[in-house]
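We count residues from 1, following the sequence as given. Worth knowing before you read on, the calculation uses all heavy atoms, side chains too, and leaves out hydrogens, waters and symmetry mates.
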Amino acid sequence: MRKYLLRLLGFSFLLGVLPAVIIGIVSYSIATRDLEDKVKEGNMQWLTQTQMRVEQMLKSIEKSATQYANSSLIKKAMNTTYSPTDFEQIRDLSVSLYNLQSSDVVITEAFLINLERNWSINLNSMKPLDQIENNKEFRDYAVQPKSIYWSAGTAPANGVELKNPLEMVTLVHKIPILPQTNKPQGLVIVRVSASDIRDALLSENPSNRNYILDNTGSDILATAEVKEGYRAINQAVAKRFETEPENKQGLFNTHLGNEEVAVIYRSSGYNGWSYVSVISLDEITREPQKIAKLTLIVCAAILLIVLAFALYGSRRMYRPIQNLLDVAKGIDHNAHSIQPRSDELEFIKVSMQSLAVSRNHMEQQMLGQAGHLKEFFVLKLFTGQLSENDYLFRSAMYGFPTGWKRLGVLTLKIDNLQETKYQEQDRELLLYAVNNIAQEVMPPEFRFTPIILNQSQVTLVATDAEDPAEVNRILYQMAESIKTNAEHYLQIQVSIGISKPYLSLTDTVKAYGESLSAMKSRISLGPDIIVHYEDIENNPGADKYVYTHLKVMEEQLVYALREMQLDKATELFQQYLNALLHKDGFLYEHHILLLQLISQILQIVQNQGISIKKVLGDEGAVERLLHLQTRDEIEYWFESRLFAPMIQVLSEKSETQYVKIADRLVRMIQEQFDQEMTLESCSEILSYHPVYLSRIFKKEIGTTFSDYLSDYRMKMAKVMLETTDMKISEIGERLQYKNISAFIRSFRKMFDVTPGQYREKMGQK
């Protein structure tokens, strides 16, 4: 059993490994990020230098072209018409074109074009403008809005159509230089080979690709196949310029096929071109990989050192646990019962718990027996089976109060449970909970052991006060403390009766009876009270009510229920209880009078031929009434168990009767619509009052009897107009209309047309 040693070793090793691994990962991440940043920064600087080098080449050609275009020779030529016979002038112009060459870049082609005079001169010859193959291209250059600009494309070399055209970059210079003109006199066109610009873009690393994008985002130096491969990168660069026009340069990572690359870009303010460099990240991460190997070797060495120290330290720390384990095995004779997968500490814990449980079990048995003996002793005291001598003999044994001067009895009963989260069957369990609360809130030196007796919680209190008023105050405070804690912890309402202070233990039975008598006032005062027996003794009752007054209120209540007026019945019952509960009488007289009221109420149901079981539900309902001891419980029982079910049953009975009467009236109308009939004539047939029939018909059908009769007659008139040849006057007479005009008005009011119009309309169909 060395599992805890292995866990300790594992934890120590892990504690040393984590910092080494974290440091290695962090150092590698920082080194990698710094190297990547430096490589990208170096490529950005190289791209800037390349841009400056290319633009220097282009600006050199542009400067030469501008000087050439502004020379007196060109100004004179723009106003002259030349022909192939003007050899000397043409030679001078060609030589001037050739002199545009510079040491940085080789001019492949150069043209001087006079758009107004229709001639074109290149490095070798002169031709009419409309006879050269580039005529349309040159005229397209002329209509562009800029005066000086660069254009990328291909063109034949030396005016001869080649099988593989050379890639060109063209400078267009309008003559004269006017801002935003599309009708210049002439053009100076200089073409340089794109290979010279490619050479300027070449880097030391052959895996990198550097290229230029024009204003449209097109790669001006690449083949169609290469352009397609880099389309996604070029679109991403163009999108960044659109979304962030203020940023002239930047970089981002993306994928080129299956390879991850870094893209560095710069925008030129000279001609709107963008310079792009695509770098493979494998090249960037080559140096960090060397760092990763070195870091891995260092971390492995650290791990070996940590493992050695963890093994040595764990064994030293495990030594005290091994000693405890040996002791536990020596004192635990049930070691074989412990699970084999448990570690050493678990074995030690189970051994110690076994000893503690055995000790606690013995202590609980002793305390439990002592508690039962105390309760049995107090129970004998309340039932009059204990004398003064018995008490003096046992009080020291059980630790009961001594030296007291006055005694008092507190009797607690739980009030209505109807509106709480508890059920009636929980009452006994709640009494035990309250009994425990009484033991907690009252110090043992001021009370005997609380007990449960006859569905109530009883506490015998001992005080060192002699003045009756002071004793009553102390008893009230203790009762209030029990009541407050019961409401707080159990969320129930309780009532407490307090006996008169007394001196001799033999009077405990009498004091218990006084506290029960005090509790009887709950039925008149209501629940949630603390009552002294002296208060009831000095205030025997309130106003007296005679039986005749109660009889009148019973009749009013029965009438309200018969009329299914629940709110009125509830109000009358409140008044009835006010009179009943303030009436003097013996203890169970209130229940007898309530049973008498129930008998009169249930006669209503019996007279309707309804079973009483539909109202009361089960046979134990009336029996529960006899156990109700507070006004709230009585109100809840009558309103929820009697009034509401009874009115619901009567309502269902009435609704069934109403539907039958309304259906019979509808059938009478449908059968006798062509006869003279009124609500009074129907009431004679059905043996009901006309007002009663009118109310039922309106409630069930939704309209009055006369309106329903009139509407049905109009519908039948419509049927007669469609299916018979009877005259309109005959139809009106048959439907009991004495005046034909009244019939027509009624028909038009319902269908928006007269009977004649309706018949004519049906005839057209």
Side-chain angles (χ1 to χ4, degrees), residues 357-414 425-464 471 474-475 478-479 481-483 485-486 489-490 492 494-519 533 627 629:
V357 168
S358 299
R359 178 180 176 181
N360 291 335
H361 182 66
M362 294 179 64
E363 291 179 351
Q364 291 296 328
Q365 284 184 335
M366 295 177 64
L367 291 175
Q369 294 297 329
H372 290 311
L373 290 174
K374 287 181 181 181
E375 291 182 5
F376 180 70
F377 172 78
V378 176
L379 184 62
K380 291 182 65 176
L381 185 62
F382 275 95
T383 55
Q385 303 177 34
L386 198 66
S387 64
E388 290 280 355
N389 294 331
D390 291 333
Y391 169 74
L392 294 175
F393 174 73
R394 301 185 185 182
S395 60
M397 181 188 302
Y398 298 140
F400 287 136
T402 58
W404 42 264
K405 297 179 180 179
R406 290 291 184 273
L407 298 170
V409 176
L410 307 180
T411 300
L412 179 146
K413 285 184 177 292
I414 298 175
Q425 57 267 25
D426 299 327
R427 187 180 294 271
E428 185 174 356
L429 184 61
L430 290 172
L431 280 174
Y432 279 103
V434 173
N435 197 59
N436 291 332
I437 290 174
Q439 294 187 42
E440 294 292 334
V441 301
M442 289 193 293
E445 62 268 19
F446 294 117
R447 50 103 178 136
F448 290 74
T449 302
I451 62 171
I452 306 296
L453 182 60
N454 295 331
Q455 295 297 316
S456 60
Q457 189 274 323
V458 186
T459 307
L460 178 57
V461 180
T463 70
D464 55 2
V471 175
I474 294 173
L475 293 175
M478 292 186 176
S481 178
I482 298 173
K483 181 176 181 299
N485 281 275
Y489 292 107
L490 301 178
I492 59 173
V494 298
S495 296
I496 300 177
I498 304 175
S499 70
K500 292 192 298 183
Y502 64 100
L503 181 60
S504 176
L505 274 174
T506 55
D507 294 333
T508 301
V509 177
K510 178 182 178 183
Y512 173 61
E514 291 174 352
S515 63
L516 286 177
S517 298
M519 291 293 294
Y533 176 75
H627 295 286
Q629 300 182 16

At their closest point, which heavy atom of [X] faces which heavy atom of [Y], and how far apart are they?
{"X": "Ile451", "Y": "Glu375", "answer": "CG2-O, 4.0 Å"}
{"X": "Tyr502", "Y": "Leu460", "answer": "OH-CD1, 3.0 Å"}
{"X": "Tyr533", "Y": "Glu514", "answer": "CD1-O, 3.2 Å"}

Can you tell me how far apart [atom1] ([X]) and [atom2] ([Y]) are? Round to the nearest 0.5 Å.
{"X": "Thr411", "Y": "Ile496", "atom1": "OG1", "atom2": "CD1", "value": "9.5 Å"}
{"X": "Lys413", "Y": "Ser495", "atom1": "NZ", "atom2": "OG", "value": "10.5 Å"}
{"X": "Ile437", "Y": "Asn485", "atom1": "CD1", "atom2": "CG", "value": "6.0 Å"}
{"X": "Trp404", "Y": "Leu503", "atom1": "CH2", "atom2": "CG", "value": "6.0 Å"}

Problem - Leu516/Tyr512 under side-chain contact (heavy atoms from CB on, under 4.5 Å): CA gap, chis, key distance, verdict - result: CA-CA 6 Å; Leu516 286 177; Tyr512 173 61; 3.6 Å; yes
Exercise for the section: Could you give me the CA-CA distance, side-chain angles and deciding distance for Thr463 and Leu407, then say whether side-chain contact (heavy atoms from CB on, under 4.5 Å) is met? Expected result: CA-CA 6 Å; Thr463 70; Leu407 298 170; over 6 Å; no
Practice task
Measure from the side-chain N and O atoms of Asn435 to the backbone N and O of Leu431, and report whether any donor-acceptor pair falls under 3.5 Å.
Solution key: no
Problem - Donor-acceptor contact below 3.5 Å, side chain Arg427 vs main chain Ile414 - result: yes
Donor-acceptor pairs are to be reported for all side-chain atoms of residues 438-446 against protein atoms at under 3.5 Å, with residues two or more places apart or in another chain.
none

pair [X]-[Y]: side-chain heavy atoms closer than 4.5 Å:
{"X": "Phe400", "Y": "Lys374", "result": "yes"}
{"X": "Ile492", "Y": "Leu430", "result": "yes"}
{"X": "Arg447", "Y": "Pro401", "result": "no"}

Practice task
Quickly, which of Gln457, Lys483, Met478 forms a side chain to side chain contact (heavy atoms under 4.5 Å, CB included) with Leu410? Name it, please.
Solution key: Met478
Practice task
Check the side chains of Ser499 and Ser515 for a donor-acceptor pair under 3.5 angstrom, ignoring hydrogens and angles.
Solution key: no
Exercise for the section: Take Thr459 and Thr449 through the test side-chain contact (heavy atoms from CB on, under 4.5 Å) and record every step on the way to the result. Expected result: CA-CA 7 Å; Thr459 307; Thr449 302; over 6 Å; no
Practice task
Apply side-chain contact (heavy atoms from CB on, under 4.5 Å) to the pair Val434 and Ile482, showing each step before the final yes or no.
Solution key: CA-CA 8 Å; Val434 173; Ile482 298 173; 4.3 Å; yes
Exercise for the section: State yes or no: are the ring centers of Phe448 and Phe377 separated by less than 6.0 Å? Expected result: no
